[in-house]
Amino acid sequence: MPLHNHKVIIDDLFTTEAMAKPLNVHRISRKERNAEAVYQMIHDELLLDGNSRQNMATFCSTWLEREVHELMEECIDKNMIDKDEYPQTAEIESRCVSMLSTLWNAKECTNHAATDCPPAIGCSTTGSSEAAMLGGMALKWNWKARRIAAGKPYDKPNLVCGPVQVCWHKFARYWEIELRELPMEKGKYMSSPKDVIAHCDENTIGVVQTLGTTFTGHYEPVADVHAALDKLQQETGLDIPMHVDAASGGFVAPFMHPEIKWDFRLPRVKSINASGHKYGLAPLGCGWVIWATEKDLPEDLIFRVNYLGGQMPTFALNFSRPGGEVVAQYYNFLRLGYEGYIKVQEAAFAAARYFAAGLEQFNLFEFINNSSKGLPLICWKLKDDATPPFSLYQLSDGLRERGWLIPTYTLPPNCEEIVVQRIVVRHGTSVDMLSLLLKDFKEVIAELTENPPLNPDKKRTSFNHS
Ligand SMILES: *Cc1c(COP(=O)(O)O)cnc(C)c1O
């Protein structure tokens, strides 16, 4: 019998039949395959993806504690919607909602020492995008109810905001709302309160402000816009509510900038969304939306599901959804507390400052944010008088060859002629890693200077902020 008869010999994994030819990947095969071999092939194929720890573009968690991995594994079979079958997971979600309402200073929860905080209203979502949809829908329903009560038409809703993440464009299109997205002011990289007010009218369902914009990481001036809306009400009677997109800032500002008023301390702020899977430190697939009070979430939007013989209100776009992300979020709240979150975010700011100081040495870049104006991210452009023989796009390409993803993109109107680069510093971005990144910056800049690219102004399709 020949030695290579696969049927009798216990093969090495890479000599099994399944490994002998490329997989047919566009049709489900007739036959089954060996689990170990298929696992190995998929595992190996995934090596072709970028390395998430070198992805300096993302705000999302790319490093998680061992305990989080374990809880995720333990929760693989838990369905968030099945509150009757998994009441404890449902209970954990509602504890997280209470914790977040306290963190964001909801009125009913201002007694931080209270252990029996009244039930706040809110829910987990798959991320800030779904949370923003829910917050936006509540604004639309409430506005419509006010219009009906006043006997006025409700067919031309609009939403006023500064430069927003793409989820708000989706919200506006899916729910047929006119999006009045205001341009970035030069040098400020945000919308101005004056501009916001100028675009509000009786059809404005609400004003959205972003705590930590995706473009530059700046906090928008929520309190100033709030004051301007107060003035507008005094002058015109228009009472316009606010929603804060705190996707990133919701887990940074309370720990690092508690003096900044952006949350439910401001009475016009009716709802807040945040991404648990960004600075909330939960694994991917976790977002939150919280309303200031129960009356800010229209009853009409709530579906009641049977929960242990009682009625559990749900408000979500999904039905089945894994429970692990919420459980892991709860783990982080219990494990870190204020002390731990402050330490984690302080470490991110310290690492960001370290990187900014290193970048300054090249004498090529001007900071748009050096982490002093919002999130711990560094955003820069070429200095006006710098004339390197390469573009920022080409610098990104050179760094990509070394595995780093450093996005280069143009800012939104009216700053679209400004080309910037950005790194997002987060849990797991160590100073040591950033020192390696700076070393690669130095080497790539030297290479590009020595062998300049033929077409230094090559433009690219812009980085996608989704
Ligand atoms: C990331 C982000 C979103 C979208 O959040 P997901 O959690 O990715 O769905 C929305 N708004 C802002 C400001 C963001 O940074």
Side-chain angles (χ1 to χ4, degrees), residues 52 55-62 96 100 104 122-137 139 159 161-174 179 181-182 184 189-191 206-222 225 242-253 262-263 269 271-290 316-318 321-322 325-326 328-329 332 345 348 369 371 373-379 407 409 411-412 420 422-427 463-466:
S52 68
N55 178 359
M56 306 314 286
T58 187
F59 290 87
C60 294
S61 299
T62 51
C96 288
L100 287 171
W104 298 333
C123 58
S124 69
T125 60
T126 50
S128 273
S129 303
E130 186 189 0
M133 293 273 168
L134 300 178
M137 278 163 68
L139 288 178
L159 182 73
C161 59
V164 279
Q165 209 262 0
V166 65
C167 69
W168 292 101
H169 294 231
K170 280 195 199 170
F171 166 70
R173 197 179 305 169
Y174 293 174
L179 190 67
E181 186 179 15
L182 306 174
M184 259 187 187
Y189 310 106
M190 289 178 275
S191 56
V207 166
V208 170
Q209 288 280 285
T210 305
L211 201 74
T213 70
T214 40
F215 308 103
T216 66
H218 290 99
Y219 293 159
E220 286 200 294
V222 185
V225 169
M242 297 175 77
H243 172 95
V244 180
D245 178 352
S248 297
F251 288 104
V252 176
W262 62 276
D263 54 15
V269 174
S271 48
I272 295 172
N273 72 270
S275 297
H277 56 216
K278 292 183 176 174
Y279 288 94
L281 312 179
L284 275 172
C286 185
W288 299 97
V289 57
I290 308 282
L317 299 180
N318 295 71
R321 181 157 63 83
E325 292 84 350
V326 168
Q329 178 79 83
N332 277 318
Q345 315 305 25
N369 192 354
S371 81
K373 296 171 206 143
L375 304 176
L377 67 73
I378 309 291
C379 180
Y409 52 95
L411 293 178
V420 301
R422 179 192 82 190
I423 71 161
V424 179
V425 181
R426 54 189 188 269
H427 198 198
F463 169 70
N464 188 341
H465 290 271
S466 59

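Sequence positions, counted from 1, serve as the residue numbers for this chain. Note that the coordinates shown come from a computational prediction; the quantities given were computed from them, not determined experimentally. What's counted below: heavy atoms across the whole structure, side chains too, no hydrogens, waters or symmetry copies. We count ligands from 1, going down the list as the structure has it; atoms in each ligand are counted the same way.
Under the 3.5 Å distance criterion, the side-chain polar atoms of H277 are left unmatched by any main-chain donor or acceptor of C60. The backbone N or O of T214 sits less than 3.5 Å from a side-chain atom of R422, completing a donor-acceptor pair.
Of the N or O atoms in D245, one or more lie within a sub-3.5 Å distance of an N or O in ligand 1. Here's the thing with T214: none of its N/O atoms is less than 3.5 angstrom from an N/O atom of ligand 1.
Proximity to H277 (heavy-atom distance under 4.0 Å) selects the following atoms of ligand 1: 6 (P), 7 (O), 8 (O). The atoms of ligand 1 that sit less than 4.0 Å from any heavy atom of T210 are 13 (C). Which parts of ligand 1 touch S275 is read off a 4.0 Å heavy-atom cut-off, strictly below it: atoms 5 (O), 6 (P), 7 (O).
Remark: Y219 engages H257 in a ring-ring contact (aromatic ring centres under 6.0 Å, His included) (not counting sequence neighbours). Qualifying side chain to side chain contact (heavy atoms under 4.5 Å, CB included) partners for H218, counting only residues two or more places apart in sequence or in other chains: Y189, M190, T216, I368, N369, K373.
Among S129, A247, G127, the residue whose heavy atom lies nearest to atom 9 (O) of ligand 1 is S129. Counting only non-hydrogen atoms, the option in M133, E130, E220, Q165 that gets closest to atom 3 (C) of ligand 1 is Q165.
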task: Could you walk me through whether C96 and W288 pass side-chain contact (heavy atoms from CB on, under 4.5 Å), step by step?
output: CA-CA 9 Å; C96 288; W288 299 97; 3.3 Å; yes
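A side-chain donor-acceptor contact under 3.5 Å links E220 and S191.
Distances from ligand 1 to the non-hydrogen atoms of C167 include at least one value under 4.0 Å.
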